[in-house]
Number of protein chains: 2
Amino acid sequence: MPPPPTPSSEGTGRGAKSARTRRRVVDAAAHVLVRRGYAGTRLSDVAEVAQVQAPAIYYYFSSRDELIEEAVAVGLARARTLVEEALAEANGSPLDRLRVAVAAHLSTLLTHSDHARGAIRTVPQLPESMRARHRQAERDYIDIWRGLVADARAAGEIDRDLEPGVALMVVLGALNWTAEWWDPERGSLEGVIATAQRLVVDGLSADRS
Amino acid sequence: MPPPPTPSSEGTGRGAKSARTRRRVVDAAAHVLVRRGYAGTRLSDVAEVAQVQAPAIYYYFSSRDELIEEAVAVGLARARTLVEEALAEANGSPLDRLRVAVAAHLSTLLTHSDHARGAIRTVPQLPESMRARHRQAERDYIDIWRGLVADARAAGEIDRDLEPGVALMVVLGALNWTAEWWDPERGSLEGVIATAQRLVVDGLSADRS
DNA sequence: GCGGTGGTCTAATCTAGATTAGAAGAAGTG
DNA sequence: CACTTCTTCTAATCTAGATTAGACCACCGC
């Protein structure tokens with residue numbers, strides 16, 4: 001029976017090493033997920049990255065799917081947390097807050113380990129039953145954005161002719177797809193963020209030609 | 001030995017039936033690719049969709065990878081062709097042409113069978129060696145867009161501060177990601193196209209607040 | 001209405017990769 | 001140190017799914 005993922009067994013002491021290994025496995029899973037996708041993620045690869053033997057994984061997770069599920073959940077949670085934190089410190093016009101969210105989303109996606117990236121790239125490929133279990137988390141995250149857009153709209157900063165729901169998904173798509181092509185050699189992260197911010201804000205913005 | 005994919009064996013007569021089955025298999029492969037991704041695409045599923053027995057596929061292709069490769073190639077080619085055709089009839093300002101390209105890309109992606117969709121969603125997951133063989137096609141397609149952006153820029157219609165390369169990828173991402181979320185019940189195709197056009201054009205546009 | 005060729009099927013085979021069994025190495029406890 | 005519990009390993013096992021072998025049927029030209 002796998003030990004319950006003690007939420008507080010982080011630092012040192014009781015089961016600290018175990019917790020570290022477990023985390024290493026989840027990280028490795030995210031790493032492999034990013035490059036191979038859901039179906040392509042082999043436990044043997046995960047094990048190699050995590051520096052364990054494949055069967056060791058079963059000490060922590062009862063199946064491949066359970067591991068993948070956790071990796072995805074962690075990624076979604078992380079993306080959400082980081083964006084929320086960034087927004088918490090941001091005060092300014094709704095459009096400014098949108099700019100902040102764009103920056104946070106992109107930097108999470110592109111640099112903050114493979115978690116968010118793995119989650120976002122993987123979710124659409126999950127078998128329906130598993131995906132269903134993450135749908136709430138997806139919605140929660142999107143709702144943050146929906147709120148930002150709604151605020152901006154209420155403040156009259158957003159083009160009235162745009163369908164807010166559709167526009168939001170188009171924007172998120174622009175951000176998410178960066179995970180497919182961006183790499184540090186292709187320009188600085190800051191450059192991408194700046195470009196994306198301008199595009200998003202000008203694209204949504206109320207004052208038009 | 002598989003019969004060479006006679007380029008003209010379409011209509012009737014010699015090998016017409018064969019050609020039709022072959023096409024059915026490729027279509028089925030695209031169909032499965034869209035929903036399962038590269039690693040998740042099983043020959044048995046493709047066979048079922050194509051209404052054949054799995055081994056029949058080997059009459060046309062010498063391996064699973066070869067089939068997938070063709071399906072992807074067809075998809076990329078189709079996307080490119082449809083956009084080119086749309087542009088051929090479009091005259092107007094560079095920004096207008098960009099609008100046309102956005103509409104063509106989206107309608108290809110979202111409705112024109114599963115080919116383009118399969119190709120675009122699948123390419124990033126392909127094993128490097130296979131992906132390399134499509135890289136040229138990808139570039140060719142992107143180059144069409146690069147040209148559009150360059151023209152608009154030369155005409156002074158695009159914000160000088162945007163990095164054209166990065167901006168283009170962000171835009172294409174917005175379009176490509178629609179394949180992940182859009183479905184006919186979520187609003188009309190026209191609605192998505194209109195929203196995307198406005199976002200893209202206003203986002204890139206030179207006159208700013 | 002016979003021999004050939006194209007096209008498809010059923011019944012193996014073969015292999016990668018998930019999962020399980022059971023042994024054995026640490027690490028903490030008395 | 002001897003004992004227990006946690007953690008990981010090596011050596012099976014089991015299964016899905018790609019691929020191959022070889023038979024079978026339909027049509028075509030004669």
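Here is how names work: the chains are called A, B, and so on, in the same order as the sequence lines, proteins then strands, and each is numbered from 1.
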Just list the side-chain donor-acceptor pairs under 3.5 Å for residues 44-53 of chain B, sequence neighbours left out, or say none.
{"unit_1": "B/D45", "atom_1": "OD2", "unit_2": "B/R42", "atom_2": "NE", "d": "3.1"}
{"unit_1": "B/D45", "atom_1": "OD2", "unit_2": "B/R42", "atom_2": "NH2", "d": "3.1"}

Heavy-atom count around B/N91 CG within 6.0 Å, excluding the residue itself: above 12? no
So, is B/S18 close to the C/dG7 phosphate, meaning a side-chain N or O under 4.0 Å from OP1 or OP2? yes
Output a table of donor-acceptor pairs, distance under 3.5 Å, between side-chain atoms of residues 185-196 of chain B and any protein atom two or more places apart or on a different chain; print 'none' if there are none.
{"unit_1": "B/S188", "atom_1": "OG", "unit_2": "B/G191", "atom_2": "N", "d": "2.9"}
{"unit_1": "B/T195", "atom_1": "OG1", "unit_2": "B/G191", "atom_2": "O", "d": "2.9"}

Rounded to whole Å, the CD1-C1' distance (B/I57 to C/dC9) equals 13 Å
Residue B/S44, side-chain heavy atoms: nucleotide from C/dG6, C/dC9, D/dA18 that is nearest: D/dA18
Between the protein and nucleotides 19-22 of chain C, which nitrogen or oxygen pairs come in under 3.5 angstrom?
{"unit_1": "C/dT19", "atom_1": "OP2", "unit_2": "A/Y58", "atom_2": "OH", "d": "2.5"}
{"unit_1": "C/dT19", "atom_1": "OP2", "unit_2": "A/R64", "atom_2": "N", "d": "2.9"}
{"unit_1": "C/dT19", "atom_1": "O5'", "unit_2": "A/Y58", "atom_2": "OH", "d": "3.0"}

Are side-chain heavy atoms of A/R121 and A/L33 found at a separation under 4.5 Å? no
Does C/dT8 have OP1 or OP2 sitting under 4.0 Å from an N or O in the side chain of B/Y59? no
Aromatic B/Y38 / basic B/R64 pairing, under 6.0 angstrom, 45° off normal: yes
Could you check how far CZ of A/R20 sits from P of D/dC6, rounded to whole Å? 18 Å
Pairs: protein N or O with nucleotides 13-15 of chain D N or O, under 3.5 Å:
none

What is the distance, to the nearest angstrom, from the CZ atom on A/R22 to the C1' atom on D/dC6? 15 Å
Would you tell me if any nitrogen or oxygen in the side chain of B/T21 comes within less than 4.0 Å of OP1 or OP2 on C/dG7? no
Expected output: side-chain B/Q197 to main-chain B/R99 donor-acceptor under 3.5 Å: yes
Ignoring hydrogens, what is the shortest heavy-atom contact between B/I120 and B/P124? Give both atom names and the distance. O-CD, 3.3 Å
Could you go over nucleotides 22-26 of chain D and give all protein N or O partners under 3.5 Å, atom names and distances?
none

May I ask you to verify if any side-chain N or O of B/Y60 is less than 4.0 angstrom from the OP1 or OP2 atom of C/dG7? no
Residues at least two apart in sequence or cross-chain that pass ring pair (Phe, Tyr, Trp, His ring centres under 6.0 Å) with A/H115, listed by chain then number, are none
Check: B/H105 ring centroid to B/Y141 ring centroid under 6.0 Å: yes
Whole-Å distance between C/dG7 P and B/F61 CZ? 13 Å
Take a 6.0 Å sphere around CD of A/E128 and say whether it holds more than 12 heavy atoms from other residues, nucleotides or ligands. yes
Just so I know, are the side chains of A/W177 and B/V171 near enough to count as touching, which here means a heavy-atom distance under 4.5 Å? no
Please report, rounded to the nearest Å, how far the P atom of D/dT8 is from the CD atom of A/Q53. 11 Å
Length of the CZ-P vector between A/R36 and C/dG17, whole Å: 10 Å
